[in-house]
Amino acid sequence: MRKGAKAAIVGSVFVVMVGGAGYGAFNIVNALSDTGGSGGPGGAEPVAVKSGPPSDSEVKKTSAAFFAAWEKGQAAAAADLTNNAEKAGPLLTSYGQAAHITGVKITPGNAVGDTVPFSVKATVSFDGKSKPLAYRSRLTVVRGVSTGKALVDWQPSVVHPALKNMDDTLVTGDSSAPSIEAVDRDGKVLTKEKYPSLGPVLDQLRTKYGAKAGGTPGIELAIRHATPDTADTSLLTLAEGKAGKLPTTLSASVQAAAEKAVQKYPESSVVAIKPSTGEVLAVANNRTDGWNAAFLGEVAPGSTMKIISAATLIDNGLTTANGPAPCPSSAVSESQTFKNIKGMKPNEGATLSESFARSCNTAFVKFADEVKVDSLTNEARDRFGIGLDWQTGIPSFDGSVPAAGGPDTAAGLIGQGKVQMNPLNMASVTATAMTGVFRQPVIVPLSLDDRDPAHAKGLSSSTVQQLRSMMNRTATSGTAAEVMAGLSGSRIGAKTGSAEVDGQARSDSWFTGYRGDVAAAAMTQDGGHGVDASGPIVVRVLQAG
């Protein structure tokens, strides 16, 4: 859910993400690469190099040579046996130098095709302190693109399974920050072991508040991440420091429900907020990269954006919840044609409430010529606090709704174009729509370090009443009705959304909703429609809240 380019839209929400490209199995290499000439010796024809998957003997020989060089601390030699020596070299060098890992013994397992599992045993020593290190990993042997040689396919996880980013490195020394004992709103201790999804969040809290909480640093082996706003990840503690006690706004019970809910859907994230205070009750991610996409993601939110769009239309006097918002089968804005999801019947006599509950794209697009270029931007910032400098307590992306002309004006109204959000932003939007007051989300009390929160005007009581009515209709008889059926009470509301991504078979799934004094929003990459993946996640969290 990282920042990506956006494309113009026809129909549902489109977000363009750039993927990697593979290569063919057969290569013809001109002798120029070996001889410096314009052909082979005497102008010979190009030379065919080996192609196809490496043989079993090549896999065994290459992996054995790589392991031997690694064990001896010969970083350059080991890197040359990979298909990316430029990236492999620095990490393998840091393994023996900055990380102070010695006595490396690697035991390969039985190869499965071109993949070799292996175990590592070593010793980490620093400042008179030593501890054994043991873990398992795997590598894959591939055919070199230009040389045809069998090479280790370089991934940082080869060195340690916790390494994800190509530019991450390993260090051993005094911890970058004292350790913390984070506790929830009721004093219950929050640990990575019990709440694995909180790992990156606890690392960020430790980095910022370890010293303030009264802790003292220890000595540890850690991953130093190249990604901005990412705290070191501790792998092995050689000497314990003193942990400082850190209060958070989290709820252990809601966090547990959030962790369990996202585990059912890969690449999903969710945030729960207490609307009356802005306190974050839970943040959970189920991602292979360990990134806190719930707070830092930057992607189009799809039709969940219609909460802000509906408020924009109401506050600018263009219509009301019970006023007209026709839903034709298609709508044109700036020569761009927009359509609804397949199967949606047009209704030229629809009200805004009905079009909102059905998630009719064209109803909102029809207003593109009536709103000003910056109307949506102003509403998002001034009423909902989007794009302001939020001081949550850890790094966060605070949403972006830039003023954009052309077809992006219409696209923005349906959560497309240049609009970018994450679950934290949309949970806050829902909380503001529910209460009328923007309360900047926080994950640790503001009083802990006298942070100054962002401020916005909020919404009028009339706009709040209309938004709550429309979200309740969506939850009880609209697109969210089936998934919200298990929640009772009059104080419930929801909005569904989806964002189609170039190259994905299914769209990203978005869902936001509230029940009582809990608002939650979720996003699942490649999750389908809002009710397919993110809807069940949000409902599970609302039930726990």
To check you understand the geometry: which heavy-atom pair defines the closest contact between A533 and G527, and what is its length? CB-O, 3.7 Å
Would you say the side chains of S251 and S253 form a donor-acceptor pair under 3.5 Å? yes
Hey, what do you get for OG (S329) to CG (N347), rounding to the nearest 0.5 Å? 12.0 Å
Partners of K372 by side-chain contact (heavy atoms from CB on, under 4.5 Å), sequence neighbours excluded? D374, S375
On a heavy-atom basis, which atom in A294 and which in V271 lie closest, and how many Å separate them? CB-CG2, 3.6 Å
Give every residue pair that meets the salt bridge (charged side-chain N to carboxylate O under 4.0 Å, His left out) criterion with at least one member in residues 255-267, sequence neighbours excluded. E267-R287
Using side-chain contact (heavy atoms from CB on, under 4.5 Å) as the criterion, list what pairs up with A325, not counting sequence neighbours. L352, S355, A363, F367
Validation: residues 476-487 side-chain donor-acceptor distances under 3.5 Å, sequence neighbours left out:
residue	atom	partner	partner atom	Å
T476	OG1	N472	O	2.8
S477	OG	R473	O	3.2
T479	OG1	T496	OG1	2.8

Could you tell me whether the side chains of D517 and S276 share a donor-acceptor contact shorter than 3.5 Å? yes
Does the side chain of E86 pick up a donor-acceptor pair with the side chain of N84 at under 3.5 Å? no
Can you list the steps and then say if L139 with D153 is a side chain to side chain contact (heavy atoms under 4.5 Å, CB included)? CA-CA 7 Å; L139 61 74; D153 182 34; over 6 Å; no
If every non-hydrogen atom of M523 is compared with every non-hydrogen atom of W510, which pair is closest and at what distance? CG-CE2, 3.3 Å
For A431 versus I273, what's the shortest heavy-atom pair and its separation? CB-CG2, 4.4 Å
If you take all heavy atoms of A162 and I223, which pair is closest and at what distance? O-CD1, 3.4 Å
Mind listing the closest non-hydrogen atom pair of Q336 and P407 along with its distance? CB-CB, 3.9 Å
From the options V201, V280, V442, select the one residue that forms a side-chain contact (heavy atoms from CB on, under 4.5 Å) with I394. V201
Sequence neighbours excluded, the answer for side-chain hydrogen bond (donor to acceptor under 3.5 Å, both in side chains) partners of N285 is S269, N292
Residue list, side-chain hydrogen bond (donor to acceptor under 3.5 Å, both in side chains) with S359, at least two apart or on another chain: S303, K306, K495
Chi angles and distances behind the side-chain hydrogen bond (donor to acceptor under 3.5 Å, both in side chains) call for N340, T362: CA-CA 6 Å; N340 298 313; T362 59; 3.2 Å; yes
Sub-4.5 Å side-chain heavy-atom contact between M166 and Q155: yes
With a 6.0 Å cut-off on the ring centroids, do W390 and F295 count as close? no
Hey, which of T233, T169, D232 is the one that makes side chain to side chain donor-acceptor pair (under 3.5 Å) with R224? D232
Out of N286, L542, V262, which residue meets the side-chain contact (heavy atoms from CB on, under 4.5 Å) rule with I537? V262
